[in-house]
Amino acid sequence: MNTVAQAWDGPVGAHWAEHQDRYDAMVSGFNDALFAAAAIGEHDRVLDIGCGSGQTTRLAARLAAHGSVVGVDISRPLIERARASTGHARIVYELGDAQSHPFPPAAYDVAISRGGVMFFEDHAAAFTHIGRALRPGGRLAFICPQPPEPDGEEARTLGLLGSLTGQPEHSQAELRRAMGSLSEPARVHEVLGEAGFGKVTVAPVVGSTVWGRDAADAVDFLVSRAGTGGSVSPRTRAAMEDALRPYETGRGVVMRAGVWVVAAVRP
Ligand SMILES: C[S@@+](CC[C@H](N)C(=O)[O-])C[C@H]1O[C@@H](n2cnc3c(N)ncnc32)[C@H](O)[C@@H]1O
């Protein structure tokens with residue numbers, strides 16, 4: 001297992017599992033765009049790649065009301081959390097590396113992923129493998145981050161918070177690099193083309209990310225994942241709260257971030 005996979009199967013995955021609701025609040029603003037691209041039909045057999053604690057898996061099962069959904073993830077803590085959160089006969093979670101997991105051939109109508117496909121070591125090989133699991137005409141839909149705009153709300157604020165805590169948002173350089181591995185649309189077209197997918201579209205979507213109930217609550221969360229041992233000085237904490245206060249709304253601390261919504265078809 002490489003460093004990125006170890007992080008997901010270890011402390012990073014454990015943090016996502018422990019803070020399932022917060023992470024869902026951070027990324028669920030992109031659900032509508034993901035599911036619009038996936039166009040899940042009520043009889044579809046769906047594969048959720050890097051399903052994490054399973055929010056999108058469960059939403060997919062609602063859309064595939066007479067179908068079935070398999071969520072696959074490399075992270076033990078997240079698969080355990082997904083299983084604990086789901087009591088649904090049409091949903092199965094499998095622990096495995098989606099790059100090599102023994103999916104049955106041509107078994108799925110659609111594969112989705114909310115931010116789980118950037119972490120592959122070899123994207124073209126991984127998408128080739130996933131393509132074989134789709135029936136001919138089967139669809140792939142995923143979201144992945146756009147390159148951070150230095151002046152974007154989320155990038156600017158997280159950069160500032162990182163400089164205050166002395167830690168970048170992800171303390172592991174490999175994880176940060178992997179997060180951005182599909183941030184260039186040309187790269188997405190290249191790897192999906194190599195993997196044999198057609199009708200590839202890459203569309204920008206800006207969504208709201210919710211970081212906490214208020215600035216103090218968001219700081220608690222950010223400090224817990226900053227790798228500073230869960231604490232910062234009162235001065236740093238106050239500066240972090242000041243940086244987040246402009247984003248306090250009636251719905252919590254809300255920032256805007258951009259993702260790509262990618263859709264493709266297995267010929
Ligand atoms: C950013 S999280 C997103 C989780 C989930 N899709 C969500 O939106 O809440 C990325 C997920 O991809 C999983 N992942 C990373 N590499 C993977 C791989 N090679 N095979 C399967 N899952 C993987 C991680 O364990 C993690 O759950």
Side-chain angles (χ1 to χ4, degrees), residues 1-35 37-38 46-61 69-86 91-103 108 111-130 133 140-146 154 158 169-170 172 174-183 191 195 205 207 209-210 225 257 259-262:
M1 220 183 237
N2 68 17
T3 327
V4 171
Q6 277 169 6
W8 282 115
D9 195 31
V12 176
H15 197 268
W16 275 65
E18 187 185 345
H19 299 280
Q20 171 184 11
D21 292 345
R22 285 187 186 266
Y23 281 108
D24 280 340
M26 265 168 60
V27 283
S28 58
F30 303 109
N31 287 352
D32 288 352
L34 173 66
F35 285 110
V46 184
L47 177 63
D48 188 357
I49 302 156
C51 62
S53 55
Q55 188 191 53
T56 50
T57 324
R58 293 184 287 277
L59 291 171
V69 189
V70 172
V72 65
D73 202 287
I74 204 165
S75 168
R76 239 166 289 246
L78 278 165
I79 282 289
E80 280 166 16
R81 175 58 58 143
R83 286 179 179 145
S85 308
T86 308
I91 299 177
V92 172
Y93 293 104
E94 294 178 6
L95 178 67
D97 183 341
Q99 301 173 97
S100 54
H101 194 65
F103 299 118
Y108 300 100
I112 61 169
S113 182
R114 189 176 69 180
V117 295
M118 302 86 74
F119 304 99
F120 296 149
E121 284 176 279
D122 179 337
H123 289 96
F127 284 121
T128 302
H129 183 67
I130 290 162
L140 171 68
F142 65 83
I143 62 171
C144 60
Q146 291 181 18
E154 198 182 87
L158 292 178
E169 196 217 345
H170 283 299
Q172 296 177 36
E174 289 86 355
L175 205 57
R176 274 206 312 284
R177 239 194 326 273
M179 275 290 288
S181 64
L182 294 176
S183 290
V191 296
V205 170
T209 59
V210 182
R225 69 188 218 141
V259 298
W260 300 119
V261 177
V262 178

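Atoms within each ligand, like the ligands themselves, are counted from 1 in listed order. Just so it is clear, the structure is predicted and the values come from calculations on it, not from any experiment.
- Within ligand 1, counting atoms from 1 as listed, the ones closer than 4.0 Å to a heavy atom of Q99 are 19 (N).
- Taking atom 2 (S) of ligand 1 as the reference point, the nearest protein heavy-atom neighbour is W8 CH2, 3.5 Å.
- For the ligand labelled ligand 1, residue L78 lies inside the 4.0 Å heavy-atom shell.
- Side-chain atoms of D73 come within 3.5 Å of backbone N or O of G52 as a donor-acceptor pair.
- Other residues, nucleotides and ligands contribute more than 12 heavy atoms inside 6.0 Å of the CZ atom of R83.
- Scanning the protein for heavy atoms near atom 10 (C) of ligand 1, the closest one is G115 O, 3.4 Å.
- For F127 and F142, the gap between ring centers is short of 6.0 Å.
- For a threshold of 3.5 Å applied to N or O pairs, the pair formed by T56 and ligand 1 contains no separation below that value.
- No heavy atom of Y23 sits closer than 4.0 Å to any atom of ligand 1.
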### Task
Let me see the working for F35 and I112 under side-chain contact (heavy atoms from CB on, under 4.5 Å), right down to the final yes or no.
CA-CA 8 Å; F35 285 110; I112 61 169; 4.0 Å; yes
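- The F120 neighbourhood of ligand 1 comprises atoms 18 (C), 19 (N), with distances under 4.0 Å to a heavy atom of that residue.
- Note on R114 versus D24: salt bridge recorded, some NZ/NE/NH1/NH2 to OD/OE distance being below 4.0 Å.
- Considering backbone and side-chain atoms together, A98 places an N or O closer than 3.5 Å to an N or O of ligand 1.
- Residue contacts with ligand 1: G96 is included, with a non-hydrogen atom under 4.0 Å away.
- Neither side chain, H129 nor Q99, offers a donor N or O lying under 3.5 Å from an acceptor on the other.
- Proximity of a side-chain donor or acceptor of S75 to a complementary backbone N or O of W8 within less than 3.5 Å is detected.
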### Query
What do the steps show when you test V117 against F119 for side-chain contact (heavy atoms from CB on, under 4.5 Å), and what is the final call?
CA-CA 5 Å; V117 295; F119 304 99; over 6 Å; no
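- Taking every non-hydrogen atom of C51 and a distance limit under 4.0 Å, the qualifying atoms of ligand 1 come out as 5 (C), 6 (N).
- Checking D48, D73, L175 against atom 26 (C) of ligand 1, the nearest heavy atom belongs to D73.
- Each of the atoms 18 (C), 19 (N), 20 (N) of ligand 1 lies under 4.0 Å from some heavy atom of D97.
- With 3.5 Å as the limit, one finds no donor-acceptor pair spanning the side chains of Q55 and S28.
- Between atom 5 (C) of ligand 1 and the options G50, A126, G116, the minimum heavy-atom separation is to G50.
- Residue contacts with ligand 1: Q55 is excluded, as none of its non-hydrogen atoms falls under 4.0 Å.
- Panel note: side chain W260, backbone V205; no donor-acceptor pair is recorded below 3.5 Å.
- Near W16, the atoms of ligand 1 lying under 4.0 angstrom from a non-hydrogen atom of the residue are 1 (C), 2 (S), 3 (C), 9 (O).
- Nearest protein neighbour of atom 16 (N) of ligand 1, counting heavy atoms only, is F119 CB, 3.6 Å.
- Contact annotation: G13 has no heavy atom less than 4.0 Å from any atom of ligand 1.
- Under 4.0 angstrom from ligand 1, the non-hydrogen atoms of I74 come from both its backbone and its side chain.
- By the 30° and 60° cut-offs, the orientation of the rings of H15 relative to H19 is tilted.
- Residues T56 and D48 bring a donor and an acceptor atom of their side chains to less than 3.5 Å of each other.
- In terms of protein heavy atoms, atom 8 (O) of ligand 1 is closest to R114 NE, 2.5 Å.
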